[in-house]
Amino acid sequence: MKALGEKIEGLKVLFTSDQIQTRIKEVADKINTDFVDSEELVVVCTLMGAVLFTSDLIKHINVPVKLEFVKLSSYGDSTTSSGKVKPVDLTLPSLEGKDVLLVEDIVDTGLTANFLLDYVKMQHKAKRVKFVSMLDKACARKYPVQIDYAGFEVDDKFVVGYGLDHKGFLRNLPYIGYFPM
Ligand code: IMP
């Protein structure tokens with residue numbers, strides 16, 4: 001069994017834990033600036049991939065935060081998008097008049113992000129909705145989406161670690177990597 005943080009055989013590291021944490025602080029600084037006047041920021045974490053990113057990001061946010069979760073699935077066990085978003089749990093409290101920050105792990109085709117943004121904007125009368133994604137696979141985009149804050153841009157590779165899984169595993173890696181073909 002590999003120890004946490006130990007390199008997995010064949011896995012190439014794209015972003016180290018230190019790089020990720022440094023970038024998260026920079027992203028949080030921008031969010032703090034934009035929401036400086038906010039009385040309440042509802043941070044909506046998309047399960048499961050965004051859970052590590054969300055938990056590190058909110059530690060640096062200095063306006064009052066309420067944390068909520070939605071659960072979606074689009075990849076299943078595959079390494080390519082199924083082309084369909086499967087809403088597993090979209091239960092949210094009323095966001096009327098609230099500031100909302102939607103948090104995703106990675107924007108690939110853009111399908112999931114569009115689904116989520118439409119859902120929050122149509123169902124809830126939020127005051128402001130901003131969207132943050134840890135990774136932006138811009139070259140794979142099929143459905144345009146405005147990412148207000150992005151951690152890192154990545155090439156069209158299947159990446160794992162730091163919340164991102166392959167068949168349910170590798171989410172716990174503190175770094176982000178990929179398996180070269
Ligand atoms: P999209 O709907 O095509 O933008 O895909 C978004 C979702 O697919 C993400 O929230 C991830 O759960 C998953 N995903 C996309 N690319 C990757 C990847 O490279 N590794 C792991 N999961 C991915």
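Numbering of ligands and ligand atoms starts at 1, following listing order.
- Where the criterion is an N or O separation shorter than 3.5 Å, residue side chain and backbone included, V159 meets it with respect to ligand 1.
- The closest side-chain donor-acceptor pair between T16 and D18, if any, does not fall under 3.5 angstrom.
- At a threshold of 4.0 Å, the pair D29-K25 counts as salt-bridged, since one of the basic side-chain nitrogens sits closer than that to a carboxylate oxygen.
- Within the 4.0 Å heavy-atom cutoff, R141 does not count among the residues contacting ligand 1.
- Using modelled atom types, no side-chain atom of D105 and backbone atom of L135 make a donor-acceptor pair closer than 3.5 Å.
- Between H124 and Y119, the distance separating the two ring centers is shorter than 6.0 angstrom.
- Using bins of under 30°, 30° to 60° and over 60° for the plane-to-plane angle, the ring pair F53/Y162 lands in the perpendicular bin.
- Nearest residue to atom 9 (C) of ligand 1 from D105, L116, L111, V85 is D105 (criterion: closest heavy atom).
- In this structure, L164 counts as a contact residue of ligand 1, since one of its heavy atoms falls inside 4.0 Å of the ligand.
- Cation-pi check for K157 over Y178 is met; the charged atom lies under 6.0 angstrom from the ring centroid and within 45 degrees of its normal.
- Which parts of ligand 1 touch K157 is read off a 4.0 Å heavy-atom cut-off, strictly below it: atoms 19 (O).
- Less than 4.0 angstrom separates some heavy atom of E104 from each of these atoms of ligand 1: 10 (O).
- The residues D136 and R141 are annotated as salt-bridged, a charged nitrogen and a carboxylate oxygen being separated by less than 4.0 angstrom.
- Distances shorter than 4.0 angstrom do not occur between any heavy atom of M48 and any atom of ligand 1.
- At least one N or O atom of G110 sits closer than 3.5 Å to an N or O atom of ligand 1.
- The K137 neighbourhood of ligand 1 comprises atoms 16 (N), 17 (C), 18 (C), 19 (O), with distances under 4.0 Å to a heavy atom of that residue.
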